[in-house]
*Asks:* 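The structure follows.
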Amino acid sequence: MSKGVVSKDEDYSQWYNDLVLKADMAEYSPVKGCMIIKPYGYSIWERMQAVLDGMFKETGHVNAYFPMMIPKSFFSKEASHVEGFAKECAVVTHYRLKNDGNGNIVVDETAKLEEELILRPTSETIIWNTYKGWIQSYRDLPILVNQWANVVRWEMRTRLFLRTTEFLWQEGHTAHATPEEAIAETEQMLNVYADFVENWLALPVVRGKKTANERFAGALDTYCIEALMQDGKALQAGTSHFLGQNFAKAFDVKFTNKENKLDYVWATSWGVSTRLIGALIMAHSDDAGLVLPPKLAPLQVVVVPIYKHQEELDNISMFVKELTRELKAKNIRVKFDNRDTHRPGAKFAEYELKGVPLRVAIGSRDMQNGTVELARRDTKTKETVNQEGLTAVIEVLLEEIQSNIYQKALNFKAENTTEVDTYDEFKRMLDEQPGFLSAHWDGTSETEQRIKDETKATIRCIPLDNKQEEGKCILTGKPSTQRVLFARAY
RNA sequence: CGGGAUGUAGCGUAGCCCGGUAUCGCGCCACAUUUGGGAUGUGGAGGCCGCAGGUUCGAAUCCUGCCAUCCCGACCA
């Protein structure tokens, strides 16, 4: 984008912000750290929701909704959980405003809540408080519930889509009779996320487990998918937690098992958020604007007429009317942009900025030749193709674009994943060619912390498919049995 | 919360040192000519110069305080 979008190489952060704002995905709001998701951005979220929701249902889950406000006392019940979230909670203390007589609206101090309410940073507490009433017997298990919701985390520094004070997400909360079943659920949902991100966002991920340092507050194990952005930084795209019996114990959720013994319930939770939209933008886009994978693009094909006179437009419109009818019959999202108020060049630039995968341009010359001009957003290439059979060509091209975008990201990930064996090399790579660094680590939190302090790189995950091999920790030289994945992260 | 920067029309900006109510571009509106990569011309509309104080005859400009946003840190499933 020559107009108004900073080049990716010049200033990656600025480029990203420009894209979000200029492509009409979102804008800043009057509330610090909170953004307004505009219709174009929200329609991507709606598509993500629809697909994920289908996958959740397919795996046996049902949706429910729990309150946005949680009694403060709930948070003190699980020690590490409160530790993890206390510093970023928004607290509701009053329930009424009043006019102070000088025309100012002030908080009515007489309307102070006896117990403060917390705007949920996540819903484990209120949900497990609820599950206590739902579960008595193994016959009540499993409970496989998901919630689509907003949550609030008062982060110090926010970034559009990637980390906002309020964000939209889904959170699954399941209850099981055995640890094996809960772990299987945790892994299943991680795979659902990985499939979704790879197949729909066209973004390859690494599946892995977090180290103790990076684990979710209250979890025994946190599984995650990690993606690599174009600047070589990693982005956690989704997490799935095995919570053990921590929340069941905290909220006293017991059940009678088949052996007629009382036991605490085993739990999982898992979530992905509107951060995925940020990942989508960062992973594929270029200096001309967004590059959206066809499967998630709100608009897959845009048709731009080029004409001098009304009768030419009428002629083109007749053809396009039939074309759009055919495309829509194939469930292809198409728009005929016949606005007379913008010239073709302006439209081309606009749809490139917005990442529409395919553009069809039709002028009188095409109408005479029985052709159209077909332009791909991902490769920025144009070709002239016959009107005859165009629908089938478009259908194939959309699939090709989807896989091309994925392949490109896959290549990028491969090129920017490096095995390093010394700390010097590790530091050099971080500075010269940031990306995933696969290295040996002695397994201690102290070493992990020291590497983080010294290099800002964290262990993104211990990959699930890790091969076991002898090695020495890059920092301490102590023996190690496998490589872990380091990177600087968002 | 620390460091840096910025707040002037919808957006991007000039003016600030050296005080006299504001420049230019994009966008917007009207008309005409245009339409195969961000059109051109003519005319027009749009401003409590971030907010609050202070200095002054007079403040976008000087002083004080505050607020907001962005970037870099710290922080962050």
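Because the structure is predicted, anything quoted here is derived from the model rather than measured. Note on naming: letters A, B, ... go to the chains in the order of the sequence lines (proteins, then strands), and numbering restarts at 1 for each one.
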*Asks:* For B:G12 and B:C49, measure between their C1' atoms and round to the nearest Å.
*Replies:*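 Each nucleotide's C1' atom is 16 Å from the other's.
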*Asks:* Classify the side-chain pair A:N191/A:E187 by whether it contains a donor and acceptor separated by less than 3.5 Å.
*Replies:*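 On atom types as modelled, these side chains do not qualify, holding no pair under 3.5 Å.
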*Asks:* Please, which pairs that meet ring-ring contact (aromatic ring centres under 6.0 Å, His included) have at least one residue in residues 359-391 of chain A, sequence neighbours excluded?
*Replies:* none
*Asks:* Roughly how many Å is it from OH in A:Y16 to P in B:C70, rounded to a whole number?
*Replies:* 13 Å
*Asks:* Respond yes when some side-chain nitrogen or oxygen of A:N17 is under 4.0 Å from OP1 or OP2 of B:U69, and no when none is.
*Replies:* no
*Asks:* Between A:Y193 (OH) and B:A77 (P), how many Å, whole number?
*Replies:*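 Rounded to whole Å, this separation is 17 Å.
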*Asks:* Rounded off to whole Å, could you give me the CZ-to-P distance for the A:F85 and B:C75 pair?
*Replies:* 17 Å
*Asks:* Starting at CD1 of A:I306, measure out to NZ of A:K347 and round the result to the nearest 0.5 Å.
*Replies:* 9.0 Å
*Asks:* Can you identify which nucleotide, out of B:U69, B:C76, B:A74, has its nearest atom closest to the A:Y28 side chain?
*Replies:* B:U69
*Asks:* B:A59 and B:G53: how far apart are their P atoms, nearest whole angstrom?
*Replies:* 13 Å
*Asks:* A:H342 has an atom NE2; how far is it from atom C1' of B:U34, in whole Å?
*Replies:* 15 Å
*Asks:* Using a heavy-atom cut-off of 4.0 Å across all strands, would you classify A:K87 as base, sugar-phosphate, or nothing?
*Replies:*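 Sugar-phosphate, backbone atoms only, no base.
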*Asks:* Hey, is the main chain of A:Q300 close enough, under 3.5 Å, to the side chain of A:R333 for a donor-acceptor pair?
*Replies:*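 Looks like no, no N/O pair under 3.5 Å.
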*Asks:* Under 6.0 Å between ring centres: does that hold for A:F336 and A:F319?
*Replies:* no
*Asks:* Taking only the P atom of each, what is the distance from B:G27 to B:U69 in whole angstrom?
*Replies:*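 It works out to 30 Å between them.
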*Asks:* Return the residues of residues 214-228 of chain A meeting this criterion: a heavy atom under 4.0 Å from some atom of RNA chain B. Order them by number, or give none.
*Replies:* A:E214, A:R215, A:F216
*Asks:* Just checking, any donor-acceptor pair under 3.5 angstrom between side chains of A:E78 and A:S80?
*Replies:* yes
*Asks:* Would you indicate what A:W169 reaches in the nucleic acid, counting non-hydrogen atoms under 4.0 angstrom: base, sugar-phosphate, or nothing?
*Replies:* base
*Asks:* Measuring only the P atom in each nucleotide, how far is B:G2 from B:C66? A whole number of Å is fine.
*Replies:*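 The same atom, P, in both gives a distance of 12 Å.
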*Asks:* Among the candidates B:U35, B:G37, B:C76, find the nucleotide nearest to the side-chain atoms of A:F348.
*Replies:* B:G37
*Asks:* Under 3.5 Å, sequence neighbours excluded: what are the donor-acceptor pairs made by side chains of residues 430-437 of chain A?
*Replies:*
{"unit_1": "A:E432", "atom_1": "OE1", "unit_2": "A:R428", "atom_2": "NH1", "d": "3.1"}
{"unit_1": "A:Q433", "atom_1": "NE2", "unit_2": "A:E415", "atom_2": "O", "d": "3.2"}
{"unit_1": "A:Q433", "atom_1": "NE2", "unit_2": "A:N416", "atom_2": "OD1", "d": "3.2"}

*Asks:* Does B:C71 have OP1 or OP2 under 4.0 Å away from a side-chain N or O of A:R159?
*Replies:*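 For B:C71, OP1/OP2 do have a side-chain N/O of A:R159 under 4.0 Å.
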*Asks:* Can you list, by residue number, the residues of residues 301-308 of chain A that have a non-hydrogen atom closer than 4.0 angstrom to RNA chain B?
*Replies:* A:I306, A:Y307, A:K308
*Asks:* What distance, rounded to whole Å, do you find between the two C1' atoms, one in B:C51 and one in B:C67?
*Replies:* 7 Å
*Asks:* Going by distance alone, is a donor N or O of one side chain under 3.5 Å from an acceptor N or O of the other, for A:S240 and A:T186?
*Replies:* no
*Asks:* Closest to the A:T239 side chain: B:G37, B:A77, B:C76?
*Replies:* B:A77
*Asks:* In whole angstrom, give the distance that lies between atom CG of A:L313 and atom P of B:G36.
*Replies:*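 Rounding to the nearest Å, CG of A:L313 and P of B:G36 are 14 Å apart.
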*Asks:* Can you check whether any acceptor in the base of B:G37 is under 3.5 Å from a donor in the side chain of A:E352, or vice versa?
*Replies:* yes
*Asks:* Between atom CE in A:M35 and atom P in B:A68, what is the gap in whole Å?
*Replies:* 20 Å
*Asks:* Using atom C1' of each nucleotide, how far apart are B:U6 and B:A14 to the nearest Å?
*Replies:* 15 Å
*Asks:* Is a side-chain donor-acceptor pair under 3.5 Å present for A:Q188 with A:E185?
*Replies:*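 A:E185 vs A:Q188: donor-acceptor pair found between side chains.
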*Asks:* Which residues pass the side-chain hydrogen bond (donor to acceptor under 3.5 Å, both in side chains) test with A:S273, sequence neighbours left out?
*Replies:* none
*Asks:* Of the candidate nucleotides B:A77, B:G37, B:C75, which contains the atom at the shortest distance from the side chain of A:Q236?
*Replies:*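 From the listed options, B:A77 comes nearest.
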*Asks:* When you compare B:C28 with B:C16, how far apart are their C1' atoms, in angstrom units rounded to a whole number?
*Replies:* 29 Å
*Asks:* Is A:R359 salt-bridged to A:E352, going by a charged N under 4.0 Å from an acidic O?
*Replies:* yes
*Asks:* Go through residues 365-388 of chain A and report each residue with a non-hydrogen atom lying under 4.0 Å from RNA chain B, sorted by number.
*Replies:* A:R365, A:D366, A:E373, A:K382
*Asks:* Which value, in whole Å, describes the distance between the P atoms of nucleotides B:A68 and B:C62?
*Replies:* 23 Å
*Asks:* Sequence neighbours left out, cut at 3.5 Å: what donor-acceptor pairs do the side chains of residues 482-490 of chain A make with other protein atoms?
*Replies:*
{"unit_1": "A:Q482", "atom_1": "OE1", "unit_2": "A:N466", "atom_2": "ND2", "d": "3.2"}
{"unit_1": "A:Q482", "atom_1": "OE1", "unit_2": "A:Q468", "atom_2": "NE2", "d": "3.2"}
{"unit_1": "A:R483", "atom_1": "NE", "unit_2": "A:E469", "atom_2": "OE2", "d": "2.8"}
{"unit_1": "A:R483", "atom_1": "NH1", "unit_2": "A:V420", "atom_2": "O", "d": "3.3"}
{"unit_1": "A:R483", "atom_1": "NH1", "unit_2": "A:D421", "atom_2": "OD1", "d": "3.3"}
{"unit_1": "A:R483", "atom_1": "NH1", "unit_2": "A:S438", "atom_2": "O", "d": "3.0"}
{"unit_1": "A:R483", "atom_1": "NH2", "unit_2": "A:D421", "atom_2": "OD1", "d": "2.7"}
{"unit_1": "A:R488", "atom_1": "NE", "unit_2": "A:T455", "atom_2": "O", "d": "2.8"}
{"unit_1": "A:R488", "atom_1": "NH2", "unit_2": "A:T455", "atom_2": "O", "d": "3.0"}
{"unit_1": "A:Y490", "atom_1": "OH", "unit_2": "A:D231", "atom_2": "OD2", "d": "2.5"}

*Asks:* Could you tell me how far apart A:E311 (CD) and B:U35 (P) are, to the nearest whole angstrom?
*Replies:*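 For the pair A:E311 CD and B:U35 P, the rounded distance is 14 Å.
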*Asks:* Would you list the pairs meeting ring-ring contact (aromatic ring centres under 6.0 Å, His included) in which at least one residue belongs to residues 151-171 of chain A, sequence neighbours left out?
*Replies:*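 Passing the test, one end in residues 151-171 of chain A: A:F167-A:W169.
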*Asks:* Which residues pass the side-chain hydrogen bond (donor to acceptor under 3.5 Å, both in side chains) test with A:T341, sequence neighbours left out?
*Replies:* none
*Asks:* Restricting to side-chain contact (heavy atoms from CB on, under 4.5 Å), what partner residues turn up for A:E311, sequence neighbours left out?
*Replies:*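 With neighbours one apart ignored, the set is A:H309.
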*Asks:* Identify which nucleotide among B:C70, B:A77, B:G73 has an atom closest to any side-chain atom of A:R153, counting heavy atoms from C-beta outward.
*Replies:* B:A77
*Asks:* What does A:S269 touch in the nucleic acid at a heavy-atom separation under 4.0 angstrom: a base, only the sugar-phosphate, or nothing?
*Replies:*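 Touches nothing.
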*Asks:* Going by an N to O cut-off under 4.0 Å, is there a salt bridge joining A:R365 and A:E312?
*Replies:* no
*Asks:* Between A:D18 (CG) and B:C71 (C1'), how many Å, whole number?
*Replies:* 13 Å
*Asks:* Considering only B:C71, B:C75, B:G36, which nucleotide approaches the side chain of A:R343 most closely?
*Replies:*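 Comparing B:C71, B:C75, B:G36 against the side chain of A:R343, the answer is B:G36.
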*Asks:* Which range-with-range stems can be found for RNA chain B when each stem has 3 or more Watson-Crick or G-U pairs in a row and both distances sit under 3.5 Å?
*Replies:*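 Stem list for RNA chain B: B:1-7 with B:67-73, B:10-12 with B:24-26, B:28-33 with B:39-44, B:50-54 with B:62-66.
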*Asks:* Going by the rule side-chain hydrogen bond (donor to acceptor under 3.5 Å, both in side chains), which residues pair with A:T239 if we only count those two or more places apart in sequence or in a different chain?
*Replies:* A:H241
*Asks:* If each of A:F167 and A:A361 is mapped to the nucleotide of RNA chain B with the nearest heavy atom, which maps nearer the 5' terminus, i.e. the 5' end?
*Replies:*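 Here A:A361 is the residue nearer the 5' end.
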*Asks:* For RNA chain B, whose closest nucleotide is more 5', that of A:H241 or that of A:G33?
*Replies:*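 It is A:G33 whose nearest nucleotide is closer to the 5' end.
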